[in-house]
Structures are given as C-alpha cells and as structure tokens.
> 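Handing you a structure now.
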Amino acid sequence: MTDDYLARIGQLIRDARQHRGWTQSQLAEALGTSQSAVNRIERGNQNISLEMIARISEALDSEIVSLGYSGPMHLRVVGGRRLSGSIDVKTSKNACVALLCASLLNSGRTVLRRVARIEEVYRILEVLSSIGVRTRWINGGADLEIVPPAELDLDSIDQEAARRTRSIIMFLGPLLHRMDRFRIPYAGGCDLGTRTVEPHMSALRHFGLAVTATEGIYHAEVEAGVAPQRPIVLTERGDTVTENALLAAARHDGVTVIRNASSNYMVQDLCFFLEQLGVRVEGIGSTTLTVHGVPVIDTDVDYSPSEDPVEAMSLVAAAVVTESELTVRRVPAEFMEIELAVLEEMGLDFDRSAEYAADNGRTRLTDLTVRPSKLEAPIDKIHPMPFPGLNIDNVPFFAAIAASAQGKTLIHDWVYDNRAIYLTDLNRLGGRLQLLDPHRVLVEGPTRWRAAEMMCPPALRPAVVVLLAMLAAEGTSVLRNVYVINRGYEDLAERLNEVGAQIETFRDI
Ligand SMILES: CC(=O)N[C@H]1[C@@H](OP(=O)(O)OP(=O)(O)OC[C@H]2O[C@@H](n3ccc(=O)[nH]c3=O)[C@H](O)[C@@H]2O)O[C@H](CO)[C@@H](O)[C@@H]1O
Ligand SMILES: C=C(OP(=O)(O)O)C(=O)O
C-alpha cells in the first residue's frame, strides 16, 4: 500500500470511529491494542493488514473498505518457536452461549461481562437480533447488553445462523414460557457424528413441551398447565440438556428436581446467573439440582461468566508440544484437576499459584506455569467422563501431549462418533497415531513434527490440536478454513503470537 492509501484508510477509520462516538482509546481497547497505535493508523503512519481492517470494521460495526471477499480464513504457521511469558484464559464459549439463551428468561436488561468474541457467540447473537432481541457490545466492546422485546418475532428467525450452532437447542427451555407454539431450526454445530436431542425432549416434556421434527425444523407446542409431578431424571448426564431443564425450571412456578444433572463448569455458571435472576438453585456442583422457579423475571442483571477450562487445557498443551515455559493465567482450577493429575503422572513440571476468585465470585482460578519436561506415556488409558471426570472436550489435547511423550498412550474417546478419527490428521505432521477403532487411538511418541499444508478438520478441538502440532513443527505449515477454530477461541492466532508464536491469518480474495 502507498502512503496515500494508508492515509485515506486512516481517515475512513477515524470517520467511522467518530460516527460511533468512540474515543481512540475505546477503539484501542476493543482491538486489544494501544491508543497510540490507533492514532498512527488513523494518521496513515502505520502499515495495516487486511485482517486488522476487518477487525476494525467489526469493532466499529462499519465496513471500512469493501474488499470484495468473504472467503474462508486460513492460518500460516512458522513453527518450531518456543513460547514464553504469560497468556490469559478467556471466558468460556459454552457458558456464554448458555447465558445468552438464558437472557430470554428475563424481561429486564442483562449485561454479560467479558463475553468471548467468538463465532459461536456471534451466531447466537444473530439469531437473537433476528427475533427482535436488542443486543449490543458496550464498554469499548468488552461486555454485552441484551434487552428482549415484549414479543419475540420467531417467524423472522435467522435460519442460517441458527443451523450453524447446536446451542440453539437451548432456546426451547426459555421459549416454552413465552409462547405456546413456535418453530426453531434443527441444531447444527461441529461434525462430530450423531448427537442425540432425545434427552432434551424427554426432560422438557415434563413442562408440557411436545416437539415434532420436519424438514429441518422443530415444531414445538406447549400444553398449558403441565408441570413436573416428580423429579426429572435425565437419561444422559449431558451439559446442554441439564441447562435446558434448568432454563425450563427457572420460570416454572414451583419446585423442580433434576437428577443425573451435569455439574460441569457451564452448568455451574448458568446456576450462578439464575440465582442473580432470583431463582434459587440448591445442589450446585452436584448431580441433583433443586430449582425454585419464579414465573416472572424482570430484573436488570449484571453477570461475569467464568474462564474456559478447555481453552486453559489448549494453552497448557501449546506449552507442552512447543517445549516452552509459559504461564497460563486464570485457569479454572476445579475443572482442570484430573487433567493436571494425569499430566503430573506423565512427568510435567508445573507450578500453580494460590487460588483466587473469578469475576463471578464463585469459580476458583489459578495461574499455571508449565516448564519444558521429559514426558512419559501414562500407564492407563486417557478417557473422558462427565464432570468431575477428565473433561470430554479436553481429551483431544492429550493426543498432542501423548505424541510428545516417550511411549504409547491409548486414548479412548467413547463420547463422539468421529472425533478420534480426526486426531489421525496429526499423522500428516509426523505423528504416529493408529486408529484401533472409531473411538480408540494409540499414540506413539515422542514425535518429530514436520510442517504440512492441510485443511482444518471439521471439529473444533481436533482442529486446535492440529494447529498446536504446527506450532511445534519446524518450517511453515498452512491450516485452511479455520472457521471451526474461531467458533470457540477469540483471536487465538494473535494471542499466541503475543507469547512468541508466528501465525499469520490470510483469506482467499
Ligand atoms: C454448548 C456446549 O455446552 N457444548 C458442550 C456440551 O454439548 P452437549 O451438551 O450438546 O453434548 P451432547 O448432548 O451432544 O453430548 C455429547 C455426547 O456425549 C454423549 N453422552 C453424554 C453424557 C452422558 O452421560 N452420556 C453420553 O452418552 C451424548 O450422547 C453425545 O454423543 O457437552 C459436550 C460434552 O461435554 C461438549 O463436548 C460440548 O462442548
Ligand atoms: C463439541 C464442542 O462444542 P459444541 O457443543 O458447540 O459443538 C466443543 O466445544 O468441543
């Protein structure tokens, strides 16, 4: 770009910022940069990447320049570099999406603090806006404000956005209190094989909800006056099904008991939020939840979701595979306990700080400093269990870690039909993973990673695992079409670059 173009783009950015009523500092905060950098950009004194222009456009909600592309994003990774310093864990995708759905319970104003700026959140926001909910980023883009209308306009629902996320299923619980007949599109999300919705249907039947599915649409009908007559026993200890039952129970005028409930982190965050809405929940952290519902919720609420244990695990794994000393800050301690116990057995050298409270005042956080270590394969297989087991979403990271360890590790991912299969993509980067059956993979380490160019596997965690191996591989790798990573991680490439990685984002034009 010539200086002239830089100055013109800078002027456009200044105009868009002023139009929005923001100071340079507010824009800088939204971008995670300094006021002086924004000043340089606006004066045309700084080279600016297409990626940065896209981010500024997004922050200011204004298309600065029409680049004529909306192609997929790719990553170019120069690997073999050590990471160093410290990196903060962001709030969790899974709590944030549940809380966004939960905001539909409240006629008042809901503010959610430090919501992760991720695609999954954007999809739910698109759906909420399309049905008339006012949502906007406030405080320099850090927090979210949500104000539902008196009547929701379900007929205008953004079908495309809804179909890209499974979390849309969590609209059922709140909506059954607002209307007696409605339609929402089928839940989508990562390609992990069949994921049942039957447990959701049988839990919500207790509240009079009947759902028939035709041509990609759930048709929901609510029979008035039907209420749980006995404890709801979930047929699976699933996270979103527990959340759906909680959402339905929250505005039920009476007491609901939910058994075989998940006590995982996002469920706990939702319970803390419901408490702020005036809904009493007993048994948080256990598998029996007793919910004292409140039929009308009309309150201004301000809540800070907690940090993401899966992002914490991802960052710890990044340090392990790159043989780095790295401090991962704001790790939700309770939800990484088994993972850390296994890593300790494998010989990982790490320290944890004294615990401190997350902004929700409830979740315990710690800072972990991980050091380069000689790892040995664990004696027993790695397998997930509902909380307090090893987190289901953390299992894939053990494939990359096991590949760094001496010996053979068996990973048994019983949960998802396809996920273990995607882990064999690591073989393209020099890994030695043998698929024993669709759920079991034998990983042999240590690994001499080598660079490669490949497509992102269509599932979030395996995709990040491939990216981590690329960070460890000497040379330049390319990972194509990383939407799936952006579903769950905010600015992952930029944040890893801040601790020493070299990752460039680019798009097809
Ligand atoms: C938005 C959100 O919060 N998503 C999380 C949530 O999805 P979600 O709650 O939607 O997970 P699913 O209901 O799809 O459950 C995951 C899989 O585990 C199986 N299953 C689950 C529990 C059980 O007791 N028995 C059993 O067989 C299900 O049949 C399914 O195949 O939980 C998953 C499992 O922790 C996580 O991977 C997702 O990141
Ligand atoms: C499987 C996952 O998420 P989702 O339920 O959003 O597909 C995940 O977070 O790894």
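We count ligands from 1, going down the list as the structure has it; atoms in each ligand are counted the same way. Positions are given from 1 along the sequence. If you're wondering where the values come from, they're calculated on a predicted model, not measured in any experiment.
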> Quick check: T240 and ligand 1, any N/O pair under 3.5 Å apart?
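Yes - when backbone and side-chain N and O of T240 are compared with those of ligand 1, one distance drops under 3.5 Å.
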> Applying ring-ring contact (aromatic ring centres under 6.0 Å, His included), name anything that partners H383, two or more places apart in sequence or on another chain.
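With neighbours one apart ignored, the set is empty.
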> Under 4.0 Å from a heavy atom of L460: which atoms of ligand 2 are those, numbered in the order shown and with their elements?
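Result: 8 (C), 9 (O).
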> Can you find an N/O atom of D393 closer than 3.5 Å to an N/O atom of ligand 1?
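Looking only at distances, the answer is yes, because the N/O contact criterion of under 3.5 Å is met.
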> Below 4.0 Å, non-hydrogen atoms only: which portion of V415 touches ligand 1? Side chain, backbone, both or neither.
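Answer for V415: both.
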> Can you figure out which of E236, R237, M170 has its heavy atom closest to atom 28 (C) of ligand 1?
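Shortest heavy-atom distance from atom 28 (C) of ligand 1: E236.
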> Does at least one non-hydrogen atom of R461 fall below 4.0 angstrom from an atom of ligand 2?
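Right, R461 reaches ligand 2.
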> Heavy-atom contacts with W414 under 4.0 Å: which atoms of ligand 1 show up? List them by number with element.
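Heavy-atom distances to W414 below 4.0 Å select 26 (C), 27 (O).
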> Can you find an N/O atom of Y416 closer than 3.5 Å to an N/O atom of ligand 1?
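Min N/O separation from ligand 1 is below 3.5 Å for Y416.
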> I'd like to know if the side chain of Y356 pairs up with that of R330 as donor and acceptor (distance under 3.5 Å, no hydrogens or angles considered).
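Short answer, no.
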> Which residues satisfy the ring-ring contact (aromatic ring centres under 6.0 Å, His included) test with H74, sequence neighbours excluded?
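By the ring-ring contact (aromatic ring centres under 6.0 Å, His included) rule, H74 matches F506.
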> With atoms numbered from 1 as shown, which atoms in ligand 2 lie under 4.0 angstrom from a non-hydrogen atom of R487?
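Those atoms are 3 (O), 4 (P), 6 (O), 7 (O).
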